[in-house]
**Student:** 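Sending over a structure as structure tokens; questions will come in a sec.
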Protein chains: 2
Amino acid sequence: MDGMDDLLLPKRTKPYMAIAIPSSIVSEEFDLRERTRKVGYIGRAAAIFRVEDIVIYIDDDAKNAEFVKDVLTYLEAPPYLKKRLVKLNPNLRFVGVLPPLKAVHHVPHAFGLNIREGVVIDVNEVRSIIYVGLEKKVIVYQPLTPGKRVVIKIEKELEDSYIGKVINKEVLDWYWGYKVKVYSSIKEMFEKLSAEKYRIICASKKGIMIYEAEERLRQIMRETDKIITIFGGPKLDVDEIASLNGVDANKYCEETINFIPRQGVESVRTEEAIYIVLSILNYLKERPIT
Amino acid sequence: MDGMDDLLLPKRTKPYMAIAIPSSIVSEEFDLRERTRKVGYIGRAAAIFRVEDIVIYIDDDAKNAEFVKDVLTYLEAPPYLKKRLVKLNPNLRFVGVLPPLKAVHHVPHAFGLNIREGVVIDVNEVRSIIYVGLEKKVIVYQPLTPGKRVVIKIEKELEDSYIGKVINKEVLDWYWGYKVKVYSSIKEMFEKLSAEKYRIICASKKGIMIYEAEERLRQIMRETDKIITIFGGPKLDVDEIASLNGVDANKYCEETINFIPRQGVESVRTEEAIYIVLSILNYLKERPIT
């Protein structure tokens, strides 16, 4: 496969990208259907740009964070596992409006891979049975937790089943969806992200223009394995939310960047900003160093 | 005003940007509310990135093109003119779901401008009365067509009214919204755009990677006043739609570009692609030449 073709493949590449959004992102939509759809766009944007982690920081109501988490988690599950993984949950009443994600782990046999997402449906002392959305189940010679979601490598086909083993999705070459994490406040989030050695950038109209920051951004990309971009909410920018929580955002944000020189409208919604920002970051990240 | 502040202003800058979308963009949404919302996102993306023209090319049903045009036109009108400009139109049944645009011409006195959008409400031989969303009307000493939408420069305040004159929005420094045009086919569109000396680029997963095309794109940006980016639809790419119409897209598309190296999902929706593509084009356009 030559270099050109390879660039079409949804492989994981470093630095891994993460995004952080406030729980207030759904505070202005009173209709559950609208809220669901809004979160759907965020999940889509994350998957398009191979985001590994979506962090939700609570800036208004823990219930909003829970809602965003539940919808994002549902969206990220392969279609054939959605029903089994999701308990009766009022937050998921309108998931029918969500667009399909169609990431690698959602599409059967994408790229000829013999790796499948599955859920443990039966266990005894020596083996577990895994449902992977195919007619035949997978036998894994290892007792697992019933109901657990696992990534399976199928190694052998028998008449009635497959034999496989559990693999750690962290080691996969392919982009395999995002994880969702909630932090109780922007303060807790900043502290944890720093401790985890994330390089942190903030997206804000008040930031310096993207092309002014470009060189330093490329430098950061060369130096680190993981970058997180923090977004503000519908009412307040990151620095304002931080300030209300007694935190100086500048202490944590290495760069605060305006990604939209001369934006033609007064305000850009967070879900729009996520597409816009990730588009440029992905481009800068994948562009070969000259 | 120094260079930094100026870059925050929604001024028009060359080359002007235009986008083209197929009428089939709404073909997969059967619910009128959903269709309306989808078109709303396209209008928002266009205004964020100061798109001057949105071209709709008919690839399925002229009614779909009419729908997209009606919704985009409604969205682009300042809030205080929306009701007066829009006749009873079934295409506009769900415009309540549209997000506000808040472009310069929507926000009263944005940037201290004395320029307003208005509609002609009364005319005699010597003067017209214009409603501009303010308590006082504007008198223009010129007979105009009743019901016409005009851009007014307010020149003097009287006790009961303003005195103003009609100006051509084409000469404004500020981004003042988009125009919407419909072409009967992709063939007609390509021919007209070529005749109008647009430089044409096509967005497609099959194109060359954005950073491979970047230098030529910057060259095009230096050489021309107007660039149009052509997007495909939910089922077919630009080249496929063209081919069905007996047209070779490569004859017209100067560059066919993939803006999303290693996209993490199988397919990107047109409204998503518009945010993603315009984000990078705006960035390349505004980045100073080094």
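Model, not experiment: these values are computed from the prediction. Naming: A, B, ... by sequence-line order, numbering from 1 per chain.
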**Student:** Give, as side chain, backbone, both or neither, the part of Lys285(A) having an atom under 4.5 angstrom from any heavy atom of chain B.
**Tutor:** neither
**Student:** Checking heavy atoms, do the side chain of Tyr211(A), its backbone, both or neither come under 4.5 Å from chain B?
**Tutor:** both
**Student:** If we only count heavy atoms from C-beta on, is the Pro10(B) to Val265(A) side-chain gap below 4.5 Å?
**Tutor:** no
**Student:** Counting heavy-atom pairs closer than 4.5 Å to chain B, which one of Lys205(A), His106(A), Arg12(A), Gln263(A) comes out on top?
**Tutor:** Gln263(A)
**Student:** Do Met209(A) and Glu286(B) make a side-chain contact, defined as non-hydrogen atoms from C-beta onward lying under 4.5 Å apart?
**Tutor:** no
**Student:** Once you round to the nearest 0.5 Å, how far does CD1 of Ile260(B) lie from CZ of Phe49(A)?
**Tutor:** 5.0 Å
**Student:** Within a reach of under 6.0 Å around NZ of Lys102(B), are more than 12 heavy atoms found that belong to other residues, nucleotides or ligands?
**Tutor:** no
**Student:** Pick one of side chain, backbone, both or neither for Glu271(A), based on which atoms fall under 4.5 Å of a heavy atom in chain B.
**Tutor:** side chain
**Student:** Could you tell me which of Gly264(A), Ser267(A), Gly177(A) has the largest number of non-hydrogen atom pairs under 4.5 Å with chain B?
**Tutor:** Gly264(A)
**Student:** Considering only heavy atoms and a distance below 4.5 Å, find which of Glu272(B), Arg269(B), Lys11(B), Glu266(B) pairs most often with chain A.
**Tutor:** Glu272(B)
**Student:** Less than 4.5 Å to any heavy atom of chain A: does that hold for the side chain of Leu278(B), its backbone, both, or neither?
**Tutor:** neither
**Student:** Using a 4.5 Å cut-off on heavy atoms from C-beta on, say whether the side chain of Asn258(A) contacts that of Leu8(B).
**Tutor:** yes
**Student:** Of all the heavy-atom pairs spanning Pro261(B) and Asn282(A), show the shortest one and how long it is.
**Tutor:** O-ND2, 3.1 Å
**Student:** At a 4.5 Å cut-off on heavy atoms, which part of Asp31(B) comes close to chain A: side chain, backbone, both, or neither?
**Tutor:** neither
**Student:** Is it the side chain or the backbone of Val107(A) that comes within 4.5 Å of chain B heavy atoms, both, or neither?
**Tutor:** side chain
**Student:** Do Arg37(A) and Glu34(B) come close enough that some side-chain heavy atom pair is under 4.5 Å?
**Tutor:** yes
**Student:** Between Arg262(B) (side chain only) and Leu9(A) (backbone N and O only), is there a donor and an acceptor less than 3.5 Å apart?
**Tutor:** yes
